[in-house]
Each structure stands twice: as C-alpha cells, then as structure tokens.
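Only heavy atoms go into these numbers, but all of them, side chains included; no hydrogens, no water, no symmetry mates.
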Amino acid sequence: MSETVYDVVSIGNALVDVLAKVGDTFLSERQLKKGNMTLVEAAEAGKIYADVIPERQVSGGSAANTVAGLASLGADCAFIGKVHDDELGQLFQRDIGAAGIDFFTTPLTEGPATGRSVVLVTPDAQRSMFTYLGAARKLTEEDIDEKIISESKIIFIEGYLWDEAAEHQAIIKACELAHKYNREVAFTVSDISCVNKHREKMLKLIQEHVNILFANEEEIKALFETDNFEAALEGIKPMVSIAAVTRDSRGSVIVHGREKIFVEAEQIEDIVDTTGAGDLYASGFLYGLVHGRSLGTCATIGGITAAEVLTHYGARPEVSLRGLVRHKLMAYGKRP
C-alpha cells in the first residue's frame with residue numbers, strides 16, 4: 001500500500017456562496033422554496049442576486065466546506081472540483097489555498113462561469129439555497145487524480161454530484177480507485193432534494209462503494225421511503241460500516257454493525273444560520289476517525305464543529321476549530 005499524504009480528499013461542487021438575510025415574505029412573494037437546495041439556471045440566480053444585499057461572498061460547496069473544517073482542525077486535505085478561470089473561480093482558488101488545502105484541478109477557460117449559491121437566511125436561521133452550478137457541472141473522470149486518491153486515507157464525496165452523467169462517472173472512478181488502494185469512501189447524502197431525485201442511484205452507490213455515510217434524519221428516512229426513523233437505521237445497518245445520522249437539537253446517532261451510539265447535541269444559545277452545519281459535522285467526525293478516536297468521541301467532535309458554524313453567518317469556521325475542540329473535550333473529561 002502506498003504512503004498517505006492526505007487525511008481526506010473531498011470531491012464536490014466548487015461554488016462561491018453569496019449570503020444574504022431576508023424575511024419570509026421575500027421567499028413567498030417570489031415563490032421560492034424554503035429550507036432546501038434548489039438548482040437554478042444562470043438567469044434565475046442573477047435575478048435573485050439582484051434583489052438582495054449580500055452579507056458576504058465566500059468560497060463554498062458542501063465537500064469544500066468539509067475539508068475547510070478539517071484543515072482548521074489541523075488535518076492535511078485536498079479538494080477536487082471544477083471552477084472557471086474567472087473572478088469567482090480565482091476567489092475560490094485563493095480561499096481554498098489560504099485554508100491550507102491542496103487544489104490542483106485544472107480550471108475551465110471557456111464555457112460556463114464558476115458556480116455560485118445564493119444562500120438566503122430567514123429570521124428562524126433556516127437557509128434556502130438557490131444554486132447555479134455552472135462550471136462545477138463540468139467535472140469529469142479526467143479530473144479524478146489517481147495519485148491524490150492513492151495518497152488519501154479517506155475519499156469524501158458529496159451527494160450533490162448527480163445531475164450530469166460525466167459527474168456520476170467521475171464519482172464511480174474515484175470509488176474504484178479508492179478500493180484499488182484500499183482507502184475508505186465516505187459519502188454525504190447532502191440534501192433531501194438529492195435523495196428524491198436520485199434515490200436508486202444513491203442506494204446503489206452506497207451499497208457497492210461506501211464505507212462511511214453521513215445523513216440527517218429526514219434524508220435517511222427518504223432514502224428508505226419510510227417515516228419510521230428506527231426502520232431507516234435498520235435499513236442502512238447492513239450497507240455501510242459506519243452511518244452518522246444527525247438529528248438537529250437531538251444530537252446524532254452512530255450506527256456501527258449491531259451497535260447504536262446516541263450523542264447529545266452541543267447547547268447553543270442563539271442559532272444564527274444553519275448553513276454548513278452538516279458539512280462541519282462531517283469535518284469533526286472524520287477528524288476523529290483518522291486519529292483513531294472512538295465513534296462516540298468522533299460524534300462529539302462533529303457536534304462541536306457543527307455548533308461553531310451555527311453561531312454566525314456562513315459555512316466556514318471563524319475560529320480555530322483545533323483549539324475549540326481541544327478546549328471542549330477537556331471540559332468534557334475526554335482526551336483532547
């Protein structure tokens with residue numbers, strides 16, 4: 001087996017997030033769906049963008065957020081995703097490089113612009129994402145770097161990569177290379193809209209390739225077409241080695257063979273924005289996993305890192321997660 005350079009390489013849509021605060025009437029007047037990720041074309045994304053006052057523009061994308069969290073924890077990471085060599089694409093490359101993450105994917109020089117997600121945050125802290133994928137849709141098998149896969153302990157793939165046949169082929173190639181080099185594949189369901197559109201393909205991918213699964217309660221129930229949470233957990237049990245299922249304020253449940261581990265959520269006084277909470281939970285969980293921590297501690301770290309992004313706007317941490325996690329674990333009487 002070749003030596004590893006990276007703890008985690010993530011593969012996903014390379015996007016720039018445009019965050020704005022709006023009222024519920026903003027969504028209802030424009031008949032915009034609340035609480036989910038909705039794919040839009042360039043014209044619609046531009047229209048929404050023109051109607052808001054952006055709080056900030058930051059590099060985003062689910063899998064990119066996860067490795068940003070991992071890097072803040074001190075992990076060595078790489079990212080594979082597609083941007084255009086335009087202003088937003090250059091912003092994405094600068095941001096991910098500044099976070100200490102290797103990013104070698106060749107950008108487009110023609111074709112669609114860099115993808116962006118207009119993230120509308122309502123007073124209840126719910127985020128509604130309207131995403132123009134743009135260049136991110138152009139990820140192909142050629143972008144999957146075999147050397148990086150071989151040098152990574154875990155290959156982390158986001159569920160948003162399904163709308164183009166070339167993207168799906170890229171996912172399968174990454175999984176096959178991971179198996180070739182005896183690496184683990186982690187997969188996040190990402191959003192219930194992804195499940196509803198691609199359920200059968202997702203189940204096939206999970207059953208054939210995935211070792212570690214991330215989902216929230218509603219996503220796992222949708223995946224198995226049931227309203228019974230326990231039934232959904234039973235459904236996933238034989239399919240993966242580890243399933244980490246988040247339940248908002250009720251914490252998370254880890255399924256590992258016949259074992260179920262229930263971990264409480266972090267207590268937060270004021271939730272500002274839920275954008276990226278699931279992404280950062282995966283950061284903390286995977287960090288614990290590559291450092292040999294117990295599954296319960298992995299889930300605790302995931303809860304700590306998810307809680308940090310709930311306290312401010314945006315999906316990237318605003319403090320050193322390494323220091324935060326160390327402090328919290330010591331307070332809980334756990335080894336930092």
Practice task
Return yes if some donor-acceptor pair links the side-chain N/O of R116 with the main-chain N/O of V18 below 3.5 Å, else return no.
Solution key: no
Handout entry: V121 side chain reached by V22 side chain, heavy atoms, under 4.5 Å
Key = no
Exercise for the section: Using atom types as modelled and distance alone, determine if a side-chain donor or acceptor of S72 lies under 3.5 Å from a backbone N or O of G69. Expected result: no
Exercise for the section: Look at the side-chain heavy atoms of Ile, Leu, Val, Met, Phe, Trp and Tyr, link any pair under 4.5 Å apart, and say whether L73 and V319 land in one connected group. Expected result: yes
Handout entry: Minimum heavy-atom distance V83-G89, with the two atoms named
Key = CB-CA, 4.0 Å
Handout entry: Centroid separation F285 to F214 less than 6.0 Å
Key = yes
Problem - Connected via hydrophobic side-chain network under 4.5 Å: L39 and V118 - result: no
Problem - Interatomic distance, H179 atom NE2 to L177 atom CG [nearest 0.5 angstrom] - result: 10.0 Å
Exercise for the section: Following the transitive rule for hydrophobic clusters with a side-chain heavy-atom cut-off under 4.5 Å over Ile, Leu, Val, Met, Phe, Trp and Tyr, establish whether V67 and V325 coincide in one cluster. Expected result: yes
Handout entry: Ion pair check, K204 and E200, cut-off under 4.0 Å
Key = no
Exercise for the section: Determine whether the side chains of S241 and N211 contain a donor N or O and an acceptor N or O closer than 3.5 Å. Expected result: no
Handout entry: D7/Y287 under side-chain contact (heavy atoms from CB on, under 4.5 Å): CA gap, chis, key distance, verdict
Key = CA-CA 8 Å; D7 294 310; Y287 180 80; 6.0 Å; no
Practice task
Give, for atom CG of L91 and atom OG of S59, the distance between the pair rounded to the nearest 0.5 Å.
Solution key: 4.5 Å
Exercise for the section: Assess whether atom NE2 of H312 is packed by more than 12 heavy atoms of other residues, nucleotides or ligands within 6.0 Å. Expected result: yes
Exercise for the section: Go through the side-chain N and O atoms of N228 and T226 and say whether any donor and acceptor fall under 3.5 Å apart. Expected result: no
Exercise for the section: For the residue pair D191 and Y160, establish whether any side-chain heavy-atom pair is separated by less than 4.5 Å. Expected result: yes
Handout entry: Centroid-centroid under 6.0 Å between F92 and F79 rings
Key = yes
Problem - Cationic N near anionic O, under 4.0 Å, E167 to K173 - result: no
Problem - Note, D76 side chain near L70 side chain (heavy atom, < 4.5 Å) - result: no
Handout entry: Non-hydrogen atoms of F130 and K33 that approach each other most closely
Key = CZ-O, 3.4 Å
Exercise for the section: Salt-bridge test for E184 and K153: reply yes if a basic N is under 4.0 Å from a carboxylate O, no otherwise. Expected result: no
Handout entry: Contact summary for V52 and A20, nearest pair of heavy atoms
Key = CB-CB, 3.8 Å
Exercise for the section: Determine, for E176 against K180, whether the closest basic-nitrogen to carboxylate-oxygen distance falls under 4.0 angstrom. Expected result: no
Practice task
Rounded to the nearest 0.5 Å, what's the gap from SG on C298 to NE2 on H291? Could you check?
Solution key: 10.5 Å
Problem - Heavy atoms from other residues, nucleotides or ligands near CD of E87 exceed 12 (cutoff 6.0 Å) - result: no
Handout entry: Audit row: L321, L280, side-chain contact (heavy atoms from CB on, under 4.5 Å) steps and yes/no
Key = CA-CA 10 Å; L321 292 182; L280 269 293; 3.8 Å; yes
Exercise for the section: Let me know which of V185, V210, I11 forms a side-chain contact (heavy atoms from CB on, under 4.5 Å) with C175. Expected result: V185
Practice task
Ignoring hydrogens and angles, state whether a donor on the side chain of Q90 or D85 is under 3.5 Å from an acceptor on the partner side chain.
Solution key: yes
Handout entry: Pair K82 + D143: basic N to acidic O under 4.0 Å
Key = yes
Practice task
Please confirm whether the backbone N or O of H256 pairs with a side-chain atom of R258, one donor and one acceptor, at under 3.5 Å?
Solution key: no
Handout entry: Residues R30, E44: salt bridge by 4.0 Å N-O rule
Key = no
Problem - Shortest non-hydrogen separation from L108 to K138 and the atoms involved - result: CD1-CG, 3.8 Å
Handout entry: Pairing of E264 and R247 as salt bridge, 4.0 angstrom limit
Key = no
Completion exercise
Closest non-hydrogen contact found for T188 with E158 is CG2-CA, 3.5 Å
Handout entry: Close side-chain approach of M202 and L223, heavy atoms under 4.5 Å
Key = yes
Problem - Under 3.5 Å side-chain donor-acceptor pair for Y281 and S252 - result: yes
Handout entry: Donor-acceptor contact below 3.5 Å, side chain R183 vs main chain S152
Key = yes
Practice task
Run through D145, I101, I80, D102 and flag the one making a side-chain contact (heavy atoms from CB on, under 4.5 Å) with V9.
Solution key: I80
Handout entry: Euclidean distance, T300 OG1 relative to L329 CG, rounded to 0.5 Å
Key = 7.0 Å
Exercise for the section: Check the surroundings of atom CD in E230: do more than 12 heavy atoms from other residues, nucleotides or ligands lie under 6.0 Å from it? Expected result: yes
Practice task
Kindly say whether L15 contributes a backbone atom to a donor-acceptor pair with the side chain of N13 at under 3.5 angstrom?
Solution key: no
Practice task
Could you tell me whether E266 and K328 have a side-chain N and a carboxylate O separated by less than 4.0 Å?
Solution key: yes
Handout entry: CZ (R137) with more than 12 external heavy atoms under 6.0 Å
Key = yes
Handout entry: Criterion salt bridge (charged side-chain N to carboxylate O under 4.0 Å, His left out) on K221 and E234, from CA distance to verdict
Key = CA-CA 11 Å; K221 289 194 293 188; E234 288 299 310; over 6 Å; no
Problem - Test side-chain contact (heavy atoms from CB on, under 4.5 Å) applied to L289 and L295, step by step - result: CA-CA 7 Å; L289 206 59; L295 293 179; 3.9 Å; yes
Problem - L27 side chain reached by T122 side chain, heavy atoms, under 4.5 Å - result: yes
Exercise for the section: Without swapping roles, check the side chain of T297 against the backbone of R293 for a donor-acceptor pair under 3.5 Å. Expected result: no
Problem - Stepwise side-chain contact (heavy atoms from CB on, under 4.5 Å) check, T114 with Y132 - result: CA-CA 9 Å; T114 295; Y132 165 63; over 6 Å; no
Problem - Presence of salt bridge, D124 and K34, under 4.0 angstrom - result: yes
Problem - Sub-4.5 Å side-chain heavy-atom contact between T66 and S10 - result: no
Handout entry: Atom CG of D24: over 12 foreign heavy atoms under 6.0 Å
Key = yes
Fill in the blank from the handout: Heavy atoms of C194 and G159 approach each other most closely as SG-O, 3.7 Å
Practice task
Treat each ILVMFWY residue as a node, draw an edge where side-chain heavy atoms are under 4.5 Å apart, and state whether I172 and L213 are in one component.
Solution key: yes
Problem - Distance-only polar pair, side chains of T246 and N216, donor-acceptor under 3.5 Å - result: no
Completion exercise
Rounded to the nearest 0.5 angstrom, the CD1-CD1 distance for I155 and I149 is 5.0 Å
Problem - Heavy-atom side-chain contact between V40 and T131 under 4.5 Å - result: no
Exercise for the section: Would you kindly confirm whether I157 and I220 end up in one hydrophobic cluster when ILVMFWY residues are joined by side chain heavy atoms under 4.5 Å apart? Expected result: yes
Handout entry: Spacing of OG belonging to S294 relative to NZ belonging to K334, to within rounding of 0.5 Å
Key = 5.5 Å
Practice task
Report yes if some heavy atom in the side chain of E151 is under 4.5 Å from a heavy atom in the side chain of Y181; otherwise report no.
Solution key: no
